[in-house]
Every structure is written in C-alpha cells, then in structure tokens.
Amino acid sequence: MPELPEVETMRRGILGIQGSRISAVERAPCRLKPILVRPRIDVLRRRVVGLRVLDVERIGKRVMLRLESGDGIVFEPRMTGLVLVADPPDEEHLRFRLALADGPIRQLWYWDRRGLGSVQLLSPLQLAELFSSGRIGPDALALSAEELRDRFSTSRREIKVALLDQRAIAGIGNLYASEILHVAAVHPGKLCHRITRQEWQTIHAAMIAVLNDAIRYEGSTLGDGTYRNALNRPGEYQKHHRVYDRAHQRCLTCCTAEVKRIVQGQRSTFYCPRCQPGRRSSRHK
DNA sequence: CCCCAGTCCTGCGGGC
DNA sequence: TGCCCGCAGGACTGGG
C-alpha cells in the first residue's frame, strides 16, 4: 500500500518527464470497473495535451505532475496503484496512459489492481483548496519535532491512530506507523496527551529515520508483491521491517519477546510488548 | 472534537 | 477440486 516512501520512490522514478510535452492521454482499455478519472477524459485531454510538465511533486501519498498551465495531474494510488514508465506487472489492470512527445520517457502508465485509486486534473484553485480545506496536513518529512508535538499533544487519541490521520500529518500509513512506533519504543495504544516531550522527540526522530530509510530502499513490497517502483522493480525495505506483518515471530530488536498484532481503528497494528511497554493489553483485542 | 461502521474494489487464502 | 466468505485497508461519508 503506497505510503510516503513508496510514493516518493514513484516520484523519483518519473522525474525524467520534467520538461517533456504531453502528446496524448487516454484511459487504458480495461474490462474491470473503471477507476475515477476527473474531469472526463475528453475534457482532461483538451486541458493537458500540448503542455509541458514543469515538475513532479509529491503531496502526502499522491504524485502530481505540475503543468505549465498551473494545473496538476494528480495520481492517488490508495491501496494498489502504481505509476510506471516501463513494463506493467500485467495488462489487465492498466487504467490510464500518458504519452510524452519528447524527452527520455515517452510513456507513463497508471496501473491499479483494485482500482481504488484515481487520476485527477486539478486547477490551481482546486489545488489551493486541497491544502486550505485541511484535508491534507504538513508532510511527515517537513515537520519539526516541536510541530509534531504541537499538533498531537492535546489529543486523546491513541498515537498509532493519530499518525494515520492525513489531516494531521501527511504520508504515514498503516505499515510505517507500526515501524515508527517500534523504533521509538512507544506503545501504539499510548494516548497522545500522555506522551512526554522527550517521547515526542523520540517519535519524531524515529519517523524521519524510518521514512528516509524506507526511501533509500525504495519502499516496501509486501507478500502480495503489488508494490513496484516506476521501473516495475520491487522495493527492498520489507527486508528491514521490524514488526509489520511479523505477528508471533520473535522481535528483531530484543530477540526475546514475540511481536503482537492488535486492531486499532479497524486496522492491524504490530508491536513488541517488551520493547514498547506501557498499556494494559486487555484494552485491546 | 472524535469514534465507528459502511463504502469503494479485487485477489487471495481458509474452511468445508 | 471448487465455491463462498472474510479479509486486506486509504480515504471518505454519515450518524452518534
């Protein structure tokens, strides 16, 4: 499930389209239920064909091609979306194609197995609205320890649940929330307002370290093998996971306790009860 | 403010 | 061997 490191890897993988001119956009022929593309493909085509891509940006878990018109083509991969410049994993889940008239990359695909993602063209006004509406918080990699604490320290939510709130902080998903809290040695069920100043420092440092590490290894490709970088190669960070999806296996940090799986906000959380103490387990199931 | 359940969607794996 | 069901969860919505 593409989170900040995976989406950042996608962004880096398509940087070569900077400066290229868009020559065509189309929905891929696909038997499956069509993904969300906005506006309608013919309207979208009129607004982008012939324009150059000025920049490739990341907005939380989205990748955006900034065009010379100021519009942005925003890819939101959600669970299984991929932005590719070569060899998709298969043909039947291709959803959208963008062709470039010049430059090193002549074709960009959006591929999505489950189809929960989207491709949207947003005007400068719509982009401004996306940020001002409060739907998307500051990027996890651009937030200082003080800002992190300021945003969360009065909340009564559990820290793991709070980290997933994209309005509070953008980019962290289910996988990295568990990994970050493990490195920080903080119990995922700890309530934000009970977290000390020192612990916020530790959480912040762990967040930056884990996310940057994961970017260095080009993200995590889980057992289902879905995630791929822009060249359709898997990430390597799954080899460095300490707790995620390792329930009942020995904790790699203390080499003593077994990793536990609990459910918070209807999502799996993994942690080591020895390395991350501090909550009665009876509060969870 | 925050929580919870439901929705979208496909593929996979467990159970029978 | 095959079918059904539950599960995976990011973002969003509606009700409490």
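Excluded from the calculations below are hydrogen atoms, water molecules and symmetry mates; all remaining heavy atoms, backbone and side chain alike, are included.
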Indicate yes or no: at least one non-hydrogen side-chain atom of A/R250 is less than 4.5 angstrom from one of A/E258.
-> no
Using a strict cut-off of less than 4.0 Å between a Lys/Arg side-chain nitrogen and an Asp/Glu carboxylate oxygen, indicate whether A/K239 and A/E236 qualify as a salt bridge.
-> yes
Could you tell me whether A/F152 contacts a base, only the sugar-phosphate backbone, or nothing, with contacts defined as non-hydrogen atoms closer than 4.0 Å?
-> nothing
To the side chain of A/R95, which of B/dT10, C/dA8, C/dA11 is closest?
-> B/dT10
Could you state the CG-P distance from A/L222 to B/dC12, rounded to the nearest angstrom?
-> 14 Å
Output yes when at least one side-chain N/O atom of A/R267 is less than 4.0 Å from OP1 or OP2 of C/dG10, else no.
-> yes
Name the closest nucleotide to the A/S155 side chain, picking from C/dG10, C/dC12, B/dC2.
-> B/dC2
Quick one: which residue pairs count as a ring-ring contact (aromatic ring centres under 6.0 Å, His included) with a foot in residues 80-103 of chain A, not counting sequence neighbours?
-> A/H93-A/W111
Pairs touching residues 3-16 of chain A that satisfy salt bridge (charged side-chain N to carboxylate O under 4.0 Å, His left out), sequence neighbours left out = A/E8-A/R11, A/E8-A/R12, A/E8-A/R58
The side chain of A/Q166 lies closest to which of these nucleotides: B/dC3, C/dA11, B/dG11?
-> C/dA11
A/R157 has a side chain; which of B/dC3, C/dA11, C/dC12 sits nearest to it?
-> B/dC3
Using whole Å, report how far CE of A/M79 lies from P of C/dA8.
-> 10 Å
Atom pairs under 3.5 Å, N or O on each side, protein against nucleotides 5-8 of chain B: can you list them with distances?
residue : atom : partner : partner atom : Å
B/dA5   : N7   : A/Q266  : NE2          : 3.4

Which comes earlier along DNA chain B counting from the 5' end, the contact point of A/D224 or that of A/V161, where each point is its nearest nucleotide?
-> A/V161
Please determine, by modelled atom types, if A/H241 and A/S220 share a side-chain donor-acceptor pair under 3.5 angstrom.
-> yes
Which whole-number value in Å describes the distance from A/E158 CD to B/dC1 P?
-> 19 Å
Which nucleotide in the list C/dG10, C/dA8, B/dC2 gets nearest to the side chain of A/K61?
-> C/dG10
Identify which nucleotide among C/dC12, C/dG10, C/dA8 has an atom closest to any side-chain atom of A/M1, counting heavy atoms from C-beta outward.
-> C/dG10
Only one of A/L175, A/I215, A/V183, A/L4 passes side-chain contact (heavy atoms from CB on, under 4.5 Å) with A/V210, and that residue is A/V183
Comparing nearest nucleotides in DNA chain B, the 5'-proximal residue of the pair A/R113, A/G265 is A/G265
Can a salt bridge be assigned to the pair A/R113 and A/D224 using a cut-off of 4.0 Å between side-chain N and carboxylate O?
-> yes
Atom CD of A/Q264 and atom C1' of C/dA8: how far apart are they, to the nearest Å?
-> 17 Å
Between atom CG in A/D245 and atom P in B/dC12, what is the gap in whole Å?
-> 16 Å
Length of the CG-P vector between A/L82 and B/dG11, whole Å | 14 Å
When all nucleic acid strands are considered with a 4.0 Å heavy-atom cut-off, which category describes A/R156: base, sugar-phosphate, or nothing?
-> nothing
Qualifying residue for salt bridge (Lys or Arg N to Asp or Glu O under 4.0 Å) with A/E26, from A/R97, A/R95, A/R45 | A/R97
What pairs of residues pass the salt bridge (charged side-chain N to carboxylate O under 4.0 Å, His left out) test when at least one of them lies in residues 63-86 of chain A, not counting sequence neighbours?
-> A/R21-A/E68, A/R47-A/D71, A/R52-A/E68, A/E57-A/R66, A/R62-A/E76, A/E76-A/R78
The complete set of salt bridge (charged side-chain N to carboxylate O under 4.0 Å, His left out) pairs with one or both residues in residues 195-220 of chain A, sequence neighbours excluded, reads A/K190-A/E199, A/D213-A/R216
Polar atom pairs (N or O), protein with nucleotides 14-16 of chain C, under 3.5 Å:
none

Please report, rounded to the nearest Å, how far the C1' atom of C/dT13 is from the CZ atom of A/R167.
-> 11 Å
With a 4.0 Å cut-off on heavy atoms, is A/L32 in touch with a base, just the backbone sugar-phosphate, or nothing at all?
-> sugar-phosphate
Atom-to-atom span, CD1 of A/I169 to P of C/dG10 - whole angstrom = 15 Å
